[in-house]
2 protein chains.
Amino acid sequence: MVDRTGRRPTIYSVAERAGVSIATVSRVLRRPGEVRASTRDRVLAVVEEMGYVPDGAARSLAVKSHEAHGLVLPELRGPYYADLLTGYEQGAAEGGASVVVLLTHGKDDVDLLVRRLAGRVDGMVLMGAVPVSSRTVDAVRAKLPVLVLADRHQDAVESFSTENVGSAEQLTRHLIEEHGRRALRFVGTPDIADDVQERYAGFVAAHEAAGLAPADPVPATFREDDGPRVAALLLDGELEADGVVCANDELALSVMQRLLAAGVDVPERISVTGWDDVMAARYVTPGLTTVAQPVRELGREVAVRMRGLLEDRHSAPERHVLPTRLVLRQSCGCP
Amino acid sequence: MVDRTGRRPTIYSVAERAGVSIATVSRVLRRPGEVRASTRDRVLAVVEEMGYVPDGAARSLAVKSHEAHGLVLPELRGPYYADLLTGYEQGAAEGGASVVVLLTHGKDDVDLLVRRLAGRVDGMVLMGAVPVSSRTVDAVRAKLPVLVLADRHQDAVESFSTENVGSAEQLTRHLIEEHGRRALRFVGTPDIADDVQERYAGFVAAHEAAGLAPADPVPATFREDDGPRVAALLLDGELEADGVVCANDELALSVMQRLLAAGVDVPERISVTGWDDVMAARYVTPGLTTVAQPVRELGREVAVRMRGLLEDRHSAPERHVLPTRLVLRQSCGCP
DNA sequence: TTCGTCGTCGTAAGCGCTTACATAGCGTTC
DNA sequence: GAACGCTATGTAAGCGCTTACGACGACGAA
């Protein structure tokens with residue numbers, strides 16, 4: 001399994017053992033059609049026997065391609081990022097590229113890590129929520145194609161996102177028109193991320209269309225931990241509402257659970273809605289009304305687009321928005 | 001931003017522009033202490049100005065290290081793999097390595113992909129459930145350290161897993177002793193994966209300890225889709241049981257929901273338990289009794305161990321088992 | 001027979017880094 | 001003031017691949 005030098009086999013040891021030149025070994029592996037069958041078989045036998053695996057770094061250096069994409073996400077909680085990664089990996093794999101993931105949560109040198117990553121991949125996908133300076137983004141963009149997800153649209157940089165304003169408006173209108181809600185609150189901090197902002201915008205739009213005054217958002221993070229706090233405000237009467245439109249499902253589930261535990265009738269007295277359609281949303285009682293995003297498809301499309309950019313670096317930046325789907329269950333008041 | 005050749009800057013263009021040799025540029029970036037402050041500043045200024053990012057492949061080739069680990073998982077559904085990856089990425093990042101993920105689900109040339117991956121990383125972690133031939137595993141092991149997760153313990157290859165037999169036994173005993181169950185069924189296909197096998201073994205052990213005859217397992221995959229089928233068996237009376245020990249939470253949730261929808265009193269008439277403690281487990285009613293695994297810690301420990309192996313390749317293969325924790329909620333019969 | 005063609009394979013020049021070693025400059029020491 | 005040591009930097013040899021180019025022989029056509 002080891003050549004005479006005691007090190008792992010290289011293309012040289014394989015060539016020597018098979019009695020051919022290194023060029024032939026390379027051809028056997030990359031363009032088998034160009035070498036005579038008998039030679040090919042002999043070389044393949046040696047490859048197998050020695051357990052030769054070509055060094056990716058050397059290949060990358062020679063072909064000037066890393067055959068890898070970088071995917072930078074804040075974390076991996078919840079189904080969103082995992083699905084995104086799943087779809088992306090699939091799309092990248094279809095083009096023969098692997099994906100290097102960088103999770104920024106808890107790291108304090110994100111800019112450095114992103115720059116370093118830029119040296120090891122052919123293209124990079126940045127989640128809007130990652131804390132990276134625009135200086136760094138610019139530096140990386142100068143070197144390779146960059147795609148941004150769910151971020152405020154900076155011109156010049158191509159972005160993907162799922163539709164937010166429209167579906168938030170539709171959801172809110174549903175609560176107002178179908179369930180007669182008049183005192184809705186949006187739970188989530190718009191400044192925290194671009195999509196939250198858009199969801200709130202939809203919330204506002206629906207109110208204006210109905211001639212109602214939209215209330216200010218109730219600040220909350222995406223984490224479950226904030227649910228109890230918000231529920232307490234509702235229970236104490238500090239927050240008067242007959243419905244809460246939460247920025248995501250974790251928050252909604254957590255709020256709803258607290259309300260139910262306190263004996264509040266959901267949805268009779270208060271409607272609760274979420275966003276994302278996590279698994280728990282269809283198992284809880286009442287079922288959580290929410291908005292489903294085609295996250296896996298999103299991931300795949302992003303990867304496909306990245307492959308396109310790698311082919312043709314000069315295509316103009318586009319803006320992609322994927323449609324979402326309102327999922328009506330019982331927590332809004334539907335039967 | 002681009003040197004005179006129109007290509008991206010290399011260490012040569014930076015050196016030329018800064019009026020130093022490439023060795024000095026390299027030193028500025030890797031061992032700043034060895035170069036005079038004035039020179040260093042000058043070089044750094046040029047680096048910044050040109051937007052220079054060292055090529056990872058060239059570096060890897062020179063230092064003979066990819067500074068990356070491979071993580072091969074079947075998929076990314078549910079919190080298990082996502083948490084594992086999160087923990088692993090953290091542990092790897094602490095050692096300055098990035099992680100390349102390979103998802104095997106839906107791919108038919110897994111062996112080839114794994115071999116190829118082996119050429120781009122310094123070490124590889126294989127989930128037991130990935131469909132890879134042992135020939136391939138051996139070939140990869142000959143080249144770099146391999147760690148296996150939740151797999152049948154092949155000697156020689158180091159493995160990590162969470163405790164299964166003991167906690168399954170404990171869970172089953174709880175159902176028998178505390179809730180007086182006498183006709184339990186295990187839902188899951190032991191052959192499918194090593195951990196399912198172990199969980200069933202614990203199920204059997206508890207029965208034997210109680211002087212009861214353990215029933216055969218009811219085959220089912222990890223997916224939610226199998227829940228309705230199993231529930232139907234229970235409802236039709238084809239399966240007589242006063243409790244089902246499911247191989248994971250998805251299955252358990254799905255079965256439980258069907259039973260409840262059909263008017264069966266869970267846990268009064270039938271206890272239901274799962275495994276993994278997914279988020280939905282604490283939001284459903286009744287709360288799902290399950291077993292929590294320290295997945296993130298597992299991931300991190302695996303990464304740390306991998307870094308150790310990379311330092312000292314000759315350490316003997318160890319077998320690591322992390323403890324799990326029984327989470328009693330109401331679906332077993334507890335108040 | 002001669003020449004061109006084609007298929008097969010070897011030679012060698014990179015790809016962009018790191019680093020051992022050599023060298024130059026300069027302050028110390030006796 | 002010569003010998004020495006130390007620091008800062010340059011020179012150049014790889015690292016293991018890919019591939020342009022050319023050599024060579026076999027073969028068919030003229």
Side-chain angles (χ1 to χ4, degrees), chain A residues 2-3 5 7-44 46-47 50-67 96 116 118-122 143-144, chain B residues 2-3 5 7-43 46-47 50-67 96 115-116 118-122 143-144:
Chain A
V2 173
D3 82 339
T5 74
R7 315 193 72 267
R8 291 267 70 222
T10 68
I11 199 171
Y12 291 95
S13 32
V14 171
E16 189 179 340
R17 183 97 151 229
V20 297
S21 76
I22 60 167
T24 297
V25 175
S26 180
R27 277 189 285 254
V28 165
L29 266 17
R30 304 292 161 195
R31 280 122 51 147
E34 293 182 13
V35 18
R36 196 195 305 164
S38 60
T39 319
R40 191 198 314 146
D41 295 345
R42 186 154 37 96
V43 171
L44 284 176
V46 174
V47 164
M50 301 181 77
Y52 170 65
V53 178
D55 183 279
R59 173 173 161 81
S60 290
L61 184 56
V63 302
K64 293 195 211 308
S65 157
H66 294 94
E67 295 168 336
R116 191 166 301 180
R120 324 193 64 90
V121 296
D122 302 321
K143 187 171 169 59
L144 39 78
Chain B
V2 172
D3 80 340
T5 75
R7 314 193 74 267
R8 290 267 72 221
T10 68
I11 199 172
Y12 291 96
S13 31
V14 172
E16 189 179 339
R17 182 96 150 230
V20 298
S21 76
I22 59 167
T24 296
V25 175
S26 179
R27 276 189 285 253
V28 165
L29 264 19
R30 303 291 160 194
R31 279 122 51 146
E34 291 181 14
V35 19
R36 196 194 307 162
S38 60
T39 319
R40 190 197 316 146
D41 295 345
R42 186 155 36 97
V43 171
V46 174
V47 164
M50 301 180 79
Y52 169 64
V53 178
D55 183 280
R59 173 174 162 81
S60 290
L61 184 56
V63 301
K64 293 195 211 307
S65 157
H66 294 93
E67 296 167 335
R115 275 172 197 254
R116 191 165 301 180
R120 323 193 66 91
V121 296
D122 302 321
K143 189 170 169 57
L144 40 79

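Hydrogens, waters and symmetry mates are skipped; everything else that's a heavy atom, side chains included, is used. Naming convention: chains lettered A, B, ... in sequence-line order (proteins, then strands); numbering from 1 in each chain.
Place A:Arg42 and B:Ala62 on DNA chain C by their nearest nucleotides, and A:Arg42 ends up nearer the 5' end. The nearest heavy atom of DNA chain C to B:Tyr52 and to A:Arg40 marks one nucleotide each, and the one closer to the 5' end goes with A:Arg40.
At a threshold of 4.0 angstrom between heavy atoms, the contacts of B:Thr24 are confined to the sugar-phosphate backbone, with no base atom among them.
Listed pair B:Arg30 / C:dT18 meets the phosphate criterion, a side-chain N or O lying under 4.0 Å from OP1 or OP2. Residue A:Ser26 places at least one side-chain N or O closer than 4.0 Å to OP1 or OP2 of D:dT18. Between A:Thr10 and D:dG16 there is no side-chain N or O to OP1 or OP2 distance below 4.0 Å. Within the structure, a side-chain polar atom (N or O) of B:Thr39 is placed less than 4.0 Å from OP1 or OP2 of D:dT9. Of the side-chain N and O atoms in A:Arg31, one or more sit less than 4.0 angstrom from OP1 or OP2 of D:dT19. Listed pair B:Arg36 / D:dA8 fails the phosphate criterion, with no side-chain N or O lying under 4.0 Å from OP1 or OP2.
Rounded to whole angstrom, the span from the CD1 atom of A:Ile22 across to the C1' atom of C:dA12 amounts to 9 Å. Rounded to an integer number of Å, the gap from CG of A:Leu61 to P of D:dG14 is 17 Å. Rounded to an integer number of Å, the gap from B:Glu16 CD to D:dT11 P is 13 Å. Atom-to-atom, CZ of B:Arg59 to C1' of C:dT19 comes out at 12 Å; the value is rounded to the nearest Å. Counting to the nearest Å, the C1' atom of C:dT18 and the CG atom of B:Leu29 are 12 Å from each other. The nearest whole Å value for the distance from the CD1 atom in A:Ile11 to the C1' atom in D:dT18 is 8 Å. A:Arg116 has its CZ atom 15 Å from the C1' atom of C:dC17, to the nearest Å. At whole-Å resolution of the value, NZ in A:Lys64 and C1' in D:dT18 are 10 Å apart.
Within 3.5 Å, a donor on the side chain of A:Arg27 pairs with an acceptor on the base of C:dG10, or the reverse. Put simply, the side chain of B:Tyr12 and the base of C:dC15 share no donor and acceptor less than 3.5 Å apart.
Looking at B:Asp122, its side chain does come within 3.5 Å of a backbone N or O of B:His66 through a donor-acceptor pair.
Residues A:Val43 and A:Val20 form a side-chain contact, since some pair of their non-hydrogen atoms from C-beta on lies under 4.5 Å apart. Between A:Ile11 and A:Leu29 the shortest side-chain heavy-atom distance does not fall below 4.5 Å.
No option in A:Arg30, A:Arg31, A:Arg36 other than A:Arg31 meets the salt bridge (Lys or Arg N to Asp or Glu O under 4.0 Å) test with A:Glu34.
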Quick one, B:Arg116 with A:Glu67, criterion side-chain contact (heavy atoms from CB on, under 4.5 Å). Give me CA distance, side-chain angles, the key distance, then yes/no. CA-CA 11 Å; B:Arg116 191 165 301 180; A:Glu67 295 168 336; 5.9 Å; no
